[in-house]
Amino acid sequence: MNYSQSWLTRPFTERSTQIFLGVLFLAVMVVSVLHLVMPEGSALYVSSYTVTLLGKYLCYALLAVAVDLVWGYLGILSLGHGAFFALGGYAMGMYLMRQIGDRGVYGDPTLPDFMVFLNWDSLPWYWHGFDMAWFAFIMVLLAPGLLALVFGFLAFRSRVTGVYLSIITQALTFALMLAFFRNEMGFGGNNGLTDFKDILGFDLRTDAARLGLFIATGIALAVGYVICRAIVTSKLGRVSVACRDAEARTRFLGYRVERVQLFVFVVSAMLAGVAGALYVPQVGIINPSEFSPLFSIEIVVWVALGGRATLYGAVIGAIIVNYAKTVFTGILPDAWLFALGALFVLVTVFLPKGIAGLLPGLKKKTDDESEAPTSGKEATA
Amino acid sequence: MSIMSELTHRDRVFDFLTPTASPVDVRHGPILYLEDVTVSFDGFKAINNLNLTIDDGELRCIIGPNGAGKTTMMDIITGKTRPDVGSVWFGSRHNLLTMNEPDIASLGIGRKFQKPTVFEALTVFENLELAMATDKRVLPTLTARLTGEARARIDEVLTTIGLTDLRHREAGILSHGQKQWLEIGMLLMQKPRLLLVDEPVAGMTEQEMERTAELLTSLAGKQSVVVVEHDMGFVRSIARTVTVLHQGSVLAEGSMDDVSNDPKVIEVYLGEGA
């Protein structure tokens, strides 16, 4: 670990981050090139269905990174991160709804279809501004960030930790799900928001827009990963680990544990919001089922399977589990939950460090390498 | 008009604007001053009308049978427990009863727990780095870079506690005694004015005990040190002044020889029949 470097450039000197960014860049490049260059009948051709599916996996990967940041490094097991993901998704969905304009079924120039259907005569106040992309994109960060700020402020100030906090986060997402199911909330009730037409002027149904969203998701994952890496390799990251392992001791050292928790929790919620915002245009719908407690628990399973407190483990876990889900629900839809359960049990019994634990060479090497120059510098200093 | 002229005075500010982290004032003698402190838990008086004064630079040992209130006393000083009545002052300027744990810690009171608690997932070096006295707010911590000066300070403390060779090993692999020293090292990194050390030699070997005694005596003078300990041999080897606590209040105070010949103390320690 290089202690004297600036926190923003520190991740790029790490071997594991370099490998991660390299692999991600290569994967996105290969998929894009195969999609664009190969003829449609070729075995190597990547269909735009697959591109969108991979884009969805990358959104989940970013969400898993956000959860690993708070769970792996801060010890906060959030069973409600789906709420932040869904809020980011709804902010994006509201923008996409406003972009439909008068092309909806009822042809109303401002009101989305479901409002016309409910006989509303004007937009609710909180829908204003979402016709502007910049406003919507700020809300993608702000809505989950604010919820995390208020929730975290109350929870951490009262020193709620451990399993109690997990239960409260679970209750939070459940409460939001029930609220968003209601038509009076003005978010489309149980149908959610759908029938999107275009984003930033590009038609969402074209291959170009789909590829663009896939690449944007790849970039978002890279940026999110680097931000998280910058936090966990900074002194604040070490303070987070200290809070995780010995909270009282950290407090006696003079750190305000609740503020550290709040900061990291809000950053994590915002990343989850971005993941949700990129997810919605790719799957074409956002509805309250994203708030379901089950989904939030699934995210935690991805991270546990991939390996906690590595960040890249979360990415691996999210992609593998979701790929398995796609395959399984295609062949044996009813068996998926059993397969997930079995996978979870097998990994916790045989691979306590998750799938990332199978890559010891990667982690070991980074530690040794970074230690050698540091001690060398100390000797000369 | 007099109020107006007072308000426009630029050479003084209102009391509530005075920064709370102002230096500790020990011109009037004691660095720590507890007066008539009482705490009860469900009617049981853990601390009963306790009076205690620690001078600047002093090394004080506090002994007493189990349940005498030693740990509760530390909890009160560090802000973990609030007394029912009484006053606790740090120097003559800081009322500790109005402050919370991080404020008290940054004021210069370091505490070592009975059970060694170091951050096991971090290296010895990183443990000391986190403990260093510096700006501990969130954003400065995020952007913090280790300066040469800080590195020198960590090296110095590593030498003091004798863990230089293990600096890049995880603290989890240290032996019990090494963890205790690391924790004392972490306290030193905070540049405390007052060190509270709870049973530092519990579970240590004879050699480790000697090393700890050396360490603590070398610290006194620069810092005030309060040691709570059960081991009489150890107390005898380091103590200049000993305070005996019994049932939440001071039973006797003086040199080790005076105290161990005090009939009240003998009675408490050996029972009525002795």
Side-chain angles (χ1 to χ4, degrees), chain A residues 1-10 72-73 75 156-157 159 227 230-267 308-309 367-368 370-375 377-381, chain B residues 78-80 100-113 115-123 125-127 129-152 154-155 158 164 167-172 183 186-187 189-190 192 196:
Chain A
M1 192 85 67
N2 191 337
Y3 301 106
S4 40
Q5 199 166 17
S6 158
W7 71 288
L8 276 172
T9 57
R10 200 183 282 125
Y73 292 91
F156 302 139
R157 193 192 52 166
R159 299 194 185 171
I227 290 175
I231 292 175
V232 302
T233 55
S234 74
K235 190 175 173 187
L236 188 69
R238 295 191 284 283
V239 174
S240 304
V241 170
C243 298
R244 178 190 75 187
D245 294 345
E247 191 180 315
R249 190 76 188 81
T250 317
R251 202 167 268 126
F252 281 116
L253 285 186
Y255 292 98
R256 306 216 176 237
V257 171
E258 63 282 357
R259 291 191 192 171
V260 174
Q261 289 170 328
L262 191 58
F263 176 83
V264 179
F265 193 64
V266 169
V267 170
R308 268 175 73 189
D367 286 349
D368 289 348
S370 48
E371 197 168 303
T374 337
S375 36
K377 212 179 286 166
E378 276 161 19
T380 51
Chain B
T78 51
K80 196 176 174 194
N100 59 21
E101 289 141 285
D103 283 339
I104 292 175
S106 50
L107 198 58
I109 297 185
R111 175 173 186 183
K112 208 205 84 51
F113 289 86
K115 191 172 150 250
T117 32
V118 295
F119 306 123
E120 307 214 335
L122 302 175
T123 66
F125 185 87
E126 290 168 341
N127 267 278
E129 182 214 8
L130 291 195
M132 186 160 45
T134 177
D135 193 338
K136 288 185 174 165
R137 287 172 302 163
V138 172
L139 291 179
T141 307
L142 177 65
T143 57
R145 300 162 75 157
L146 198 62
T147 61
E149 198 182 324
R151 203 178 275 276
I154 294 175
D155 285 342
L158 276 170
T164 308
R167 60 190 339 185
H168 288 307
R169 303 298 299 275
E170 282 181 6
E183 205 179 353
M186 287 165 74
L187 289 183
M189 289 304 297
Q190 299 179 59
L196 304 174

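Per chain, numbering begins at 1; letters A, B, ... match sequence-line order.
Considering every non-hydrogen atom in both S4(A) and L146(B), the closest pair reads CB-O, 3.3 Å. Annotation for K235(A) and A144(B): closest pair CD-CB, 3.9 Å, computed over non-hydrogen atoms. Of all the heavy atoms in E183(B) and R249(A), the pair that sits closest is OE2-NE, 2.9 Å. Heavy-atom minimum distance, R244(A) versus A121(B): NH2-CB, 3.8 Å.
Side-chain atoms of W7(A) and L142(B), non-hydrogen and from C-beta on, do get closer than 4.5 Å to each other. Counting only heavy atoms from C-beta outward, the side chains of R238(A) and F119(B) never approach each other to under 4.5 Å. T141(B) places none of its side-chain heavy atoms less than 4.5 Å from the side chain of R259(A). Side-chain contact between M186(B) and L253(A): present, with at least one pair of heavy atoms (C-beta onward) separated by less than 4.5 Å. Counting heavy atoms from C-beta on, the side chains of V138(B) and R256(A) never come closer than 4.5 Å.
Neither the backbone nor the side chain of T147(B) comes within less than 4.5 Å of any heavy atom of chain A. When heavy atoms are compared at a cutoff of 4.5 Å, V241(A) approaches chain B solely by way of its side chain, counted from C-beta outward. No part of N127(B) comes within reach of chain A, as not one of its non-hydrogen atoms sits under 4.5 angstrom from that chain. With a 4.5 angstrom heavy-atom cutoff, L139(B) touches chain A only via side-chain atoms.
We find the CZ-CZ distance between R137(B) and F263(A) to be 13.5 Å, quoted to the nearest 0.5 Å. The CZ atom of F252(A) lies 5.5 Å from the NZ atom of K80(B); values are rounded to the nearest 0.5 Å. Distance check: Y255(A) OH to L130(B) CG gives 4.5 Å after rounding to the nearest 0.5 Å.
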